[in-house]
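Here the structure comes first, spelled out in structure tokens, and everything after it is commentary.
What you are looking at is a predicted structure, and each value in this text was computed from that prediction instead of being measured. Just so you know, these numbers use all the heavy atoms, side chains as well, and skip hydrogens, waters and symmetry mates.
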Amino acid sequence: TPHGLGHLIGIDTHDVGGYLSHTPPRSGRPGLKSLRTARVLAEGMVLTVEPGLYFIEALIEPALASDKTSGFFVPGAIDRFRGTGGVRLEDVVVVCADGVD
């Protein structure tokens, strides 16, 4: 699943990103429809970036069984991590005029 931005950090510490009327609409495409926000980033915004790797049996089994997707996986490597749940990293970044800090 693609990972986008996490959530805004603000007065309420865990402000929602959301889809507002003046921002791009939520995508209906698989994987993209779950992204938390489509806001246009502006200098001074503070938000999280939360990449993760999850081992979800209900998603792994069909992917391994499918001719279309099985070639993207190394079953032995996946087996080593089954049952762990996965891992997510959360970092907070500040949008600057010339990048992020």
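- Annotation: side-chain contact (heavy atoms from CB on, under 4.5 Å) contacts of Thr84 (sequence neighbours excluded): Phe55, Phe81.
- Note that CG of Asp91 and OG1 of Thr48 are 9.0 Å apart. Values are rounded to the nearest 0.5 Å.
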Contacts under 3.5 angstrom, residues 65-73 side chains, donor-acceptor by atom type, not counting sequence neighbours:
{"unit_1": "Ser66", "atom_1": "OG", "unit_2": "Lys68", "atom_2": "N", "d": "3.1"}
{"unit_1": "Ser66", "atom_1": "OG", "unit_2": "Thr69", "atom_2": "N", "d": "3.4"}
{"unit_1": "Thr69", "atom_1": "OG1", "unit_2": "Ala63", "atom_2": "O", "d": "2.7"}
{"unit_1": "Ser70", "atom_1": "OG", "unit_2": "Ser66", "atom_2": "O", "d": "3.0"}

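- For Arg80, there are no side-chain contact (heavy atoms from CB on, under 4.5 Å) partners, not counting sequence neighbours.
- Annotation for Glu57 and Pro62: closest pair O-CD, 4.1 Å, computed over non-hydrogen atoms.
- Residues meeting the salt bridge (Lys or Arg N to Asp or Glu O under 4.0 Å) test with Glu61, sequence neighbours left out: Arg82.
- Looking only at distances, a side-chain donor or acceptor of Ser27 sits under 3.5 Å from a matching main-chain atom of Arg29.
- Distance CG/Leu64 to CD1/Ile78: 5.0 Å, rounded to 0.5 Å.
- Partner of Val94 under the side chain to side chain contact (heavy atoms under 4.5 Å, CB included) criterion, out of Val46, Ile9, Leu47: Val46 alone.
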